[in-house]
Amino acid sequence: MDRFEEKIGELLRLDFGVTPDGADAKQLYTAVSQAAMDSLRDGWKKPAGKKRACYFSAEFLMGRLVNSNLMNLGLLEEADRYLKAHGRSVADFEQIEDDALGNGGLGRLAACFLDSAATHGIPLDGYGIRYRYGLFRQYFEDGFQRERADDWLRFGDPWSVRREEDAVEVRFADQTVRAVPYDMPVIGYGGKTINTLRLWQSEPLSAFDFDLFNRQEYDRAVAEKNRAEEISYVLYPNDDTDAGKRLRLKQQYFFSSASLQSILREYLGRHGEDFSAFADEYAVQLNDTHPTVSIPELLRLLMEEHGLCYDEAFSIAQRVFAYTNHTIMAEALEKWDVGLFLSVIPEVYPYVVMLQNGLKQALHNKGINGADQIPYYLVDDGRIHMARMAIFAAHSTNGVARIHTEILKETALREWYAVWPERFNNKTNGITQRRWLALCNPELSGFITERIGDGWITELDELKKLAPYADDERARERFLAIKREKKCQLAAYVKAREGVELNPDFLFDIQVKRLHEYKRQLLNAFSILDIYFALKDGRLTDFYPTVFLFGAKAAPGYYRAKGIIKYLNEIAKRVNGDPDMKGRMQVVFVQNYDVSYAEKLIPAADVSEQISTAGTEASGTSNMKFMLNGAVTLGTLDGANIEIVEQAGAENNFIFGATVEEIASAASTYDPKALCRDNPRIRRVVDTLVDGTFSDGGTGMFRELYDSLMTGASWHRPDQYYLLLDFESYCDAKLRVNRAYRDRAAFARKCLLNTANAGKFSSDRTIREYAREIWGV
Ligand code: DL6
């Protein structure tokens, strides 16, 4: 027995008083995790004298840690062997750990970046919030989404270490709190580099008011404690634009200020008050605008606490900060009401004003009279524009896929690009192949490694060597057998979670992502109905049996998105309950889609639905995960789909719909009502929203969806995401995929070529680009 196993036994004995055979899954999970933590303690130190990059992000959607950490430490097989010897396996940990500190793409990207940086020896640390409650848990009741709180700490947190000695204070207008860091090791593959994810927890300065307690005023005695803890209590759903604005600003300032103070403390320990080397030792990447208040806060800290003048402080800030934009949706470009800002962090506001003046001066120096041009105001119409602040004060602004960056430059941020073109750059997103292939699909990983070796685990471009196997009949057959195996595994999981049977011989067509109008789950719903009607009418006779799978959470306050969930669930009920559809078609909406579900769904997919309106999805990352696992993309020319098709070939994917340019030229004359009137297929499916085909339980949700397409509202035009414009070309493409699937060998070839050409979409490539081109680390 080696040290790791001994340690597990010792922890079980000392902490729980049990033997390995007598331990339950949670005790084993805790002991295995702690033993792994113990094994890395010596290697978990920041090397001195190297520039470090800091990733400031309101979300880190890490996924389950136990398997990935064990794999990266090279302990996964050993742990599994040990557990099996005691009648268990690492699979038993599935029900133990939760994975909910993010909404979706943005938080998951942050997690992939941490993994890639640690794997490639890039000194990158994450800084964020240790929420008590992660994104809500979703379940369905009569087809309606319901939410309940997700207490992700209920199984403990063996992967974090509380660092009391590094706590700092954060001051608001109405309270001062202690920010206490919990550090998580971020273990690179092979265990050579261990970076840190530092998550801040908000706590009161003192546990409770003793005087009030003695006077038996218990509620008041703990009121301050509760108010402090509230700040890191819950992760906000990102589509909920109005939810808790005040608390959200507090959260952003809380982790921004704490993280900067922590970095400054480190730096001061080495250099004292000489800040001349600060920007040579730290780079800070702002993940979207959420941490952008860091900019005036760094100015405040440098000027107020360390006596620098504005020019010195600004010059440091500009060299340190870089900003990533993740969306062009106007509603997601954060703006803070000046009144609110002043009531929460009044001490920071003067630095916003200084930045505003600095901007005016900088524009003046370039011969631009900013005062005449609204987009150049940081404070405009009583609101502080955080994206503008980031672009002005940071040295780099990047988009997350080529088309997205082009849209930023040409449309969304064109005034800024005109003044500072050199600051704009593209960093197409990526995903870590270690989680999204090696861990979630060991069968396909084995297939690949047998043929081309295991170099792809750290250099995904190696997958190119797989391309010749797409023409090898035996390899294709093996690939198909693996795909079937993954479908069987998913079917077992879905059966256990949803109580629904899936047939592994069906085509698996999957759309999983946050529920949002621009992602067009409603268009998918319409196309399914169109196929259903065609099957019922006998117009469609050669349809390959298909299951349409969905997974998506709607922000609790996003009424229309919730209407779409209910509508899809009604369609599922109709289709699955129709005896004519047996063996032909099925619709399943899984509950509580999260990283763990994604790890089951994605490897089982034949078709990856990526159908956002061209120009709306900044990049997408699930598209890359599906591609890597050998699915074809059924998608629009949007986000990273464009680069996926470029890499894997248009002939191996199924592209449809209007391009960004076509949408722009159709916009002024677009008339969804006329389309509906003149096209009986469209009319038939759209009318199901209001003709009594489906019931929304008397809520009016379906009528509201119908109206959003036909008449719009004061704040948007009818069918603003062009569902009906793309309807026919989407349905045609869906049937093209379906027909192509009949030739299983030819389809397997397409799938294999997708995997073989996925090299570009490794977050290893992306993070190296950030390191080299933005951070200089
Ligand atoms: O860059 C990661 C991810 C992109 O892949 C998605 O296309 C994009 O929608 C998402 N953006 C956000 C923005 N959230 N806010 N605020 O999540 O980022």
Side-chain angles (χ1 to χ4, degrees), residues 55-61 101-114 116 128 135 235-243 245 248-249 251-252 285-292 323-336 385-387 390 397-405 407-408 412 426-432 436 511-521 552-553 555 558 561 595 598 608-627 633 635-644 721 761 763 766-767 769-770:
Y55 203 77
F56 281 19
S57 177
E59 301 180 19
F60 287 92
L61 185 42
L101 295 192
N103 274 282
L106 174 141
R108 186 52 234 170
L109 183 74
C112 285
F113 282 174
L114 293 184
S116 286
L135 193 65
L235 164 73
Y236 281 104
N238 65 354
D239 298 320
D240 211 338
T241 46
D242 289 325
K245 277 202 182 305
R248 203 186 289 218
L249 177 57
Q251 289 187 335
Q252 297 186 356
Q285 191 70 33
L286 303 173
N287 196 26
D288 219 281
T289 47
H290 316 140
T292 297
Y323 157 62
T324 303
N325 174 289
H326 291 270
T327 182
I328 54 163
M329 296 283 147
E331 66 270 25
L333 291 176
E334 285 183 305
K335 299 163 200 82
W336 291 115
H385 289 243
M386 302 310 276
T397 290
N398 74 282
V400 289
R402 194 174 63 224
I403 184 181
H404 170 57
T405 303
I407 291 172
L408 293 180
N426 177 54
K427 297 284 169 280
T428 296
N429 283 343
I431 54 166
T432 164
W436 294 108
Q511 185 175 18
V512 282
K513 45 187 79 256
R514 283 303 293 273
L515 205 309
H516 201 292
E517 288 161 89
Y518 83 81
K519 295 178 189 279
R520 300 203 293 192
Q521 284 95 344
K553 289 180 182 173
Y558 191 172
V595 177
S608 152
E609 295 264 1
Q610 306 296 339
I611 62 174
S612 51
T613 317
T616 60
E617 185 71 272
S619 161
T621 42
S622 77
N623 44 6
M624 302 168 183
K625 297 167 195 165
F626 280 105
M627 176 199 202
T633 297
T636 46
L637 286 176
D638 196 22
N641 296 353
I642 296 174
E643 291 162 72
I644 286 177
Y721 295 112
F761 304 105
S763 45
T766 317
I767 209 68
E769 288 177 4
Y770 275 88

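Numbering of ligands and ligand atoms starts at 1, following listing order.
Ligand-side atoms of ligand 1 in range of A618: 7 (O), range being under 4.0 angstrom from any heavy atom. Taking every heavy atom of Y518 and a limit of under 4.0 angstrom, the matching atoms of ligand 1 come to 9 (O).
Taking atom 14 (N) of ligand 1 as the reference point, the nearest protein heavy-atom neighbour is N238 ND2, 3.5 Å. Of all protein heavy atoms, the one lying nearest to atom 7 (O) of ligand 1 is E617 OE1, 2.6 Å.
Smallest separation of non-hydrogen atoms from F761 and N429: CD2-O, 4.4 Å. Across T613 and D638, no two heavy atoms sit closer than the pair O-OD2, 3.0 Å.
Taking all heavy atoms of K519, K513, M329, H326 into account, the minimum distance to atom 10 (C) of ligand 1 is reached by H326.
Between F60 and the options L106, L109, L114, a side-chain contact (heavy atoms from CB on, under 4.5 Å) holds for only L114. Only one option out of H404, K513, K519, H516 pairs with E617 in a side chain to side chain donor-acceptor pair (under 3.5 Å); it is K519.
Among the atoms of G620, some N or O lies under 3.5 angstrom from an N or O of ligand 1.
Residue contacts with ligand 1, taken as heavy atom pairs separated by less than 4.0 Å, involve H290 solely via side-chain atoms from C-beta onward. For N429, every heavy-atom contact with ligand 1 shorter than 4.0 Å involves the side chain, none the backbone.
A side-chain donor-acceptor contact under 3.5 Å links N398 and T324.
Rounding to the nearest 0.5 Å places CZ of F113 at 11.5 Å from OG1 of T432.
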